[in-house]
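Contents: one structure, followed by commentary.
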Amino acid sequence: MRTLVLSRRDVEAVSTMPMAVDAVEEAFAAYARGEAEMPPKVYLDLPDHEGDFRAMPSRIGGAGGEVAGVKWVNSHPKNPERFGLPSVMGLYVLSDPKNAFPLAVMDATLLTALRTGAAAGVASKHLCGSAPKTVGFVGSGVQARFLHAAHVAVFGHTFAGVFADRDTALAEKLAHELGGRAGTVEEAAGCDVVCTSTPVRHPIVQRAWVRNDAHVNAMGADGPGKQELDPQILFDAQVVIDESHQAEHSGEINVPIHDGTYALDRVAGTLGQIITGQRKVDRSALTLFDSTGLAIQDAALAARIFAAASAQKVGLEVDLVGLG
Ligand SMILES: NC(=O)c1ccc[n+]([C@@H]2O[C@H](COP(=O)([O-])OP(=O)(O)OC[C@H]3O[C@@H](n4cnc5c(N)ncnc54)[C@H](O)[C@@H]3O)[C@@H](O)[C@H]2O)c1
C-alpha cells in the first residue's frame with residue numbers, strides 16, 4: 001500500500017470549484033445530521049516568531065463514505081518580508097478511518113482557499129432570495145478570487161462583480177481578470193450579495209450601505225478581535241454561523257459577544273441546519289453567513305481531491321510507512 005503525495009500543482013490539476021462546492025455542502029449537512037466529528041482547533045502560538053500553527057482534525061461519516069484527516073496550517077504574517085515565503089502554508093494528511101493508513105499527504109493551501117470560497121457559495125445558494133444580479137467583494141486579495149469562482153459555480157456567469165480594496169490596483173486587477181468593475185467599499189456593500197474578506201479589526205462596512213434584502217458572506221473574521229462589519233448589520237440580519245464554538249471565539253460575532261451586545265442565542269442556526277432543513281430563514285430579508293472555516297470542509301474536499309488524483313494517476317505514490 002502506498003501513500004499518495006500531492007503537490008500544490010497536483011491539487012490544482014485535479015480540483016475544481018464545483019467539486020469544492022459539492023464537498024463543502026455535503027460536509028455541512030453531515031455535521032448537522034450528527035455524522036461528523038470535529039474536535040476544536042488546536043492553536044500552537046509562536047510569539048518569538050510572530051506566528052502560530054493550527055491543527056484541525058475531523059472525521060466525516062454517513063452515506064457518502066467515511067473520511068478522516070488533519071490539516072496542519074500556520075499564520076506567519078511577516079513571512080513574505082522576512083523569508084520570501086507565503087504567510088499561510090497548509091498540509092493535509094488524509095487517513096483511512098478503518099485502519100488509519102495514510103492515504104494521502106497534500107498541499108492544503110489551495111485546498112483552504114477553495115473550501116473557503118465554496119462555503120460562501122453554498123451559503124449564498126441557501127440564503128439568497130433569488131440569483132444575485134450583483135455580487136460585491138470587500139477585499140480583493142487571495143480569497144476574493146475564490147469567492148467569485150464559487151458564486152460562478154453556484155449561479156453561473158449571471159452577475160456583475162464589484163471589487164473593492166484599500167489597494168485600488170488590486171480591485172482593478174480582479175475586475176479586469178474576472179469581469180466586473182472596481183468600486184468603493186460602499187458600492188461593493190450595496191450589492192445583492194456582499195462577500196467580505198479583509199483581515200481588519202475595526203468595522204469597514206456600514207449598516208446604511210447594506211440593503212435590507214441582501215445576503216452577506218462575512219469571511220474575513222476568523223480570529224479573536226477581528227471584525228469587518230458594523231455590528232448593527234448583525235443585529236438586523238438573520239445570522240447563520242458555521243459552528244457555534246468557533247463563531248463565538250473567532251467569527252464576525254466574536255467582538256459583539258465579547259462586548260456583551262450580541263448573544264449566541266440570537267443566531268438563526270448553522271449553515272448545516274439550513275441545508276438539511278432543520279432551521280429556516282426568511283430568504284427575502286437580510287441574511288448573513290459568519291464563516292470561520294471548519295475542519296470538515298477540509299476533510300471533505302481532501303477526500304475528493306484524493307479520489308480524483310487516484311483516478312487520473314496524478315501525484316507521487318510513496319511507501320511512506322515502510323510496508324515494502
Ligand atoms: N472564514 C474562513 O474560512 C477563512 C479562510 C481563509 C482566510 N480567512 C480570512 O480572510 C481574510 C482574507 O484572507 P486573504 O487570504 O484573502 O488575505 P489577503 O491579504 O490576500 O487579502 C485581504 C485584502 O484585504 C484588503 N484590505 C485590508 N484592509 C482593508 C480595508 N480597510 N479596506 C479594504 N480592503 C482592505 C487588503 O488590501 C487585501 O487585498 C483574512 O482575515 C483571513 O484570515 C478566512
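All of these numbers come straight from a predicted model, not from anything done at the bench. Just so you know, ligand 1 is whichever comes first in the structure, and atom 1 is the first atom listed for that ligand. What you see below is based on every heavy atom in this structure, not just the backbone, and it leaves out hydrogens, waters and symmetry mates.
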Among protein heavy atoms, which lies nearest atom 14 (P) of ligand 1, and at what distance? Gln143 N, 3.9 Å
How does Val200 reach ligand 1, by side chain, by backbone, by both or by neither, if only non-hydrogen atoms under 4.0 Å count? side chain
Selection from Val73, Val205, Val138, Asp222 by shortest heavy-atom distance to atom 42 (C) of ligand 1: Asp222
Side chain or backbone, does Ala144 bring an N or O within less than 3.5 Å of an N or O on ligand 1? no
Counting only heavy atoms, which portion of Arg145 has something under 4.0 Å from ligand 1: side chain, backbone, both, or neither? neither
For Val267, side chain to side chain contact (heavy atoms under 4.5 Å, CB included) partners two or more places apart: Val239, Ile241, Ile253, Tyr262, Leu264
Identify which one of Asn254, Thr116, Asp242 satisfies the side chain to side chain donor-acceptor pair (under 3.5 Å) criterion when paired with Thr292. Asp242
Identify, by atom number and element, the atoms of ligand 1 in contact range of Lys226, meaning under 4.0 Å from any of its heavy atoms. 40 (C), 41 (O), 42 (C), 43 (O)
Region of Thr292 that comes within reach of ligand 1 [heavy atoms, distance under 4.0 Å]: backbone
Can a salt bridge be assigned to the pair Glu177 and Arg145 using a cut-off of 4.0 Å between side-chain N and carboxylate O? yes
Which pairs, with at least one residue in residues 280-298 and sequence neighbours excluded, count as a salt bridge (charged side-chain N to carboxylate O under 4.0 Å, His left out)? Lys71-Asp298, Arg115-Asp298
Less than 4.0 angstrom from a charged side-chain N to a carboxylate O is my criterion; do Glu26 and Arg304 meet it? yes
Any nitrogen or oxygen of Arg115, side chain or backbone, less than 3.5 Å from one on ligand 1? yes
Ring centroids only, cut at 6.0 angstrom: are His49 and Phe83 within range, meaning strictly under it? no
What about Val142: any of its N or O atoms under 3.5 Å from an N or O on ligand 1? yes
Is the shortest distance from a heavy atom of Gln297 to ligand 1 less than 4.0 Å? no
If hydrophobic clusters are built from ILVMFWY residues whose side chains come within less than 4.5 Å, do Val154 and Val122 share one? yes
Does the distance from a Lys or Arg side-chain N to an Asp or Glu carboxylate O, for Arg59 and Glu66, drop under 4.0 Å? yes
Heavy-atom protein contact below 4.0 Å for atom 19 (O) of ligand 1: no
For ligand 1, note which part of Thr198 has a heavy atom under 4.0 Å away: side chain, backbone, both or neither. both
For atom 12 (C) of ligand 1, find the nearest protein heavy atom and state the residue, atom name and distance (0.1 Å precision). Ser197 O, 3.3 Å
I need the contact type for Asp165 against ligand 1. Using non-hydrogen atoms and a strict under-4.0 Å cut-off, is it side chain, backbone, both or neither? both
So, is Arg166 polar-close to ligand 1, with some N/O to N/O distance under 3.5 Å? yes
Side chain Gln312, main chain Val314, donor-acceptor under 3.5 Å: no
